[in-house]
Amino acid sequence: MAAYTKVFMLIVLNFHCVFGNSQLPLQDDFHGAKPTRGEPWPLPQSYTPSAETFSLNYLSFEFRVTGSTCDTLTAAIRRYEELIFGERSKIDNRLKFFSGSQRFSSADGSVNSLSVHVQEACDTTENKYPALESNEAYNLTVASPDSQLVSNTVWGAMRGLETFSQLIYEGLDGQFEMNKTVIQDFPRFKYRGLLLDSSRHFLSVDILKKNLDAMAYNKFNVFHWHIVDDQSFPYESVLFPEMSAMGSYFGLSHTYTQANIKDVVEYARLRGIRVIPEFDTPGHTQSWGKAIQNLLTKCYTSGKPNGNFGPIDPSVNSTYDFLKKFFGEVAEVFPDHYIHLGGDEVSFSCWQSNPQITDFMKKMSFGSNYAQLEQYYMQNLLSIINSLNKGYLIWQEVIDNGATVRPDTIVEVWKGGYQKELAKVTKLGYHALLSSCWYLNLIAYGSDWKRYYACDPWDMVNGTQQQLDLVIGGEACMWGEYVDNTNVISRTWPRAAAVGERLWSNKDVRDGTKAAPRMAEHRCRLISRGFQAEPINGPDFCEHEYRGV
Ligand SMILES: *[C@@H]1O[C@H](CO)[C@@H](O)[C@H](O)[C@H]1NC(C)=O
């Protein structure tokens, strides 16, 4: 037995020497997952492809609007026309899908048009922006000679156009092909978010837009914009322009003007994506304090201010006067009904050191319970937001610390042991949003998307149906400590796609190994659409590689 082991070890060691460690398959890798052809990501709720193949003539293919219409629909159709066929007049410039020649096609027929039928009026004020309750369902039938896309709303039509574009693949002769297919589709969760952090590193408007494109290609519908934090304050306020003047990293080149923000919000709207800004308080506010005097708590050592500042000072009225004005502005600038108010990681030590706060605690009979002081602050802030007729999201600590909030509050669960945390939050009757297992900034060697793919918002400890119904979705988070314009796209994509499918597709779509070939195609699709989407299945290739242009 011992001798046998030694011989075996020798062979293994030899193997290492000859091929090098990197040749040994890692447990998490999906080596050689061969890309599918023309299969959608995320997987539709009901997807019935067939082996019947049609060709598309890039010169004569038409999109036809047969239902209601509006600017968002027209813009979406124009976008997808361009995405699928490129500029038809400049065929030679196209990288992907060269013109080919229809006469070599082995197709069973051709698809000449897609009729797009939106049933509800889409040019109304209440349908101008996507919202939490928007209906994103659509039905898509790919047939010859004409295909049909039917949806209630323009948002559903956008999701369907994306799916339609994904079903088209490059035939062996280089022509556009797609299979006869029937799809009935709708999202499992109505909130499918992605967080980017523009405070730890500044992100340019172009990169934010690029990311919004990638989100649309993965059916995400909320951009959670963690716009400011301790490190920098790039939001250029109308009422308090000194906040970004003094709190941004490097003056005007590192700020978002009101025009920039309008631009991002409009770009997102046209893609059916909501923009929810996060202005995190009372902690995470060091950059706010640079311009606003007496907003932050002065920290003390041995009875004297030591020059450091803590969280926002909850004990003075000037704080709430400022917050009323500031959030009044934010409520107008960002059209979505929801604002994220943060509320995470509040350190009590500075509050504890400050004698005025100690006096205030006595006056309020809080004893030495600083969580009660935090609750006092949050409740004041929440009533300000209430008076602005906005809804709010908060990080789970607000609830963990025992604050009571409005019943329709959305509580974002980010701590470990999420199965228990989700159960706790929903037991209290609050809406919950999961992000614990989707901190994509925590990178690891190997195919880590499989872990994101395995995590599910319905994995709740002893969750009743009522509790499961309170989970509105989840968010992939890309925190910015080590992420800026140079790597945010490649680090986020296609890893976030795993979360996209988890939040959109049926709960039974859970097998990562089965999904890997579709993921491989989807990564290549993102590359052919111009994204630096990083390899995630181990050694492999795309037919059209990223070429740095
Ligand atoms: C599409 O049709 C081709 C040719 O018949 C077939 O090989 C392929 O499996 C089909 N794709 C799907 C998703 O069914």
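We count ligands from 1, going down the list as the structure has it; atoms in each ligand are counted the same way.
By the definition of a contact as any protein heavy atom under 4.0 Å away, atom 7 (O) of ligand 1 is not in contact. Distance screen at 4.0 Å: atom 14 (O) of ligand 1 has a protein heavy-atom neighbour inside the cut-off.
Here the two rings, on Phe85 and Phe61, have centers that are under 6.0 Å apart. A centroid separation of less than 6.0 Å is found between the aromatic rings of Trp458 and Phe189.
Trp395 and Trp479 have tilted rings, their planes meeting at an angle from 30° to 60° on a 0 to 90° scale. Ring geometry for Tyr58 versus Phe176: interplanar angle of 30 to 60°, hence tilted. Classified by interplanar angle (parallel below 30°, tilted 30° to 60°, perpendicular above 60°), the ring pair His522/Trp41 is parallel.
We find that Arg78 and Glu82 are not joined by a salt bridge, their nearest charged nitrogen and carboxylate oxygen being 4.0 Å or further apart.
The protein non-hydrogen atom at the shortest distance from atom 3 (C) of ligand 1 is Asn179 ND2, 3.7 Å.
Residue-ligand proximity, Thr53 to ligand 1, at heavy-atom distances under 4.0 Å covers atoms 2 (O), 4 (C), 5 (O). Atoms of ligand 1 found under 4.0 Å from any heavy atom of Tyr47 (numbered from 1 in listed order, with element): 13 (C). The ligand atoms of ligand 1 that sit less than 4.0 angstrom from a heavy atom of Ala51 are 2 (O), 4 (C), 5 (O). Of all the atoms in ligand 1, the ones that sit under 4.0 Å from a non-hydrogen atom of Glu39 are 13 (C).
Under the 4.0 angstrom criterion for non-hydrogen atoms, Ser50 is in contact with ligand 1. The shell of residues lying under 4.0 angstrom from ligand 1, judged by heavy atoms, excludes Phe54.
Side chain of Thr492 to backbone of Ile489: no donor-acceptor contact under 3.5 angstrom is found.
Checking only distances, Arg37 never comes within under 3.5 Å of ligand 1, N or O to N or O.
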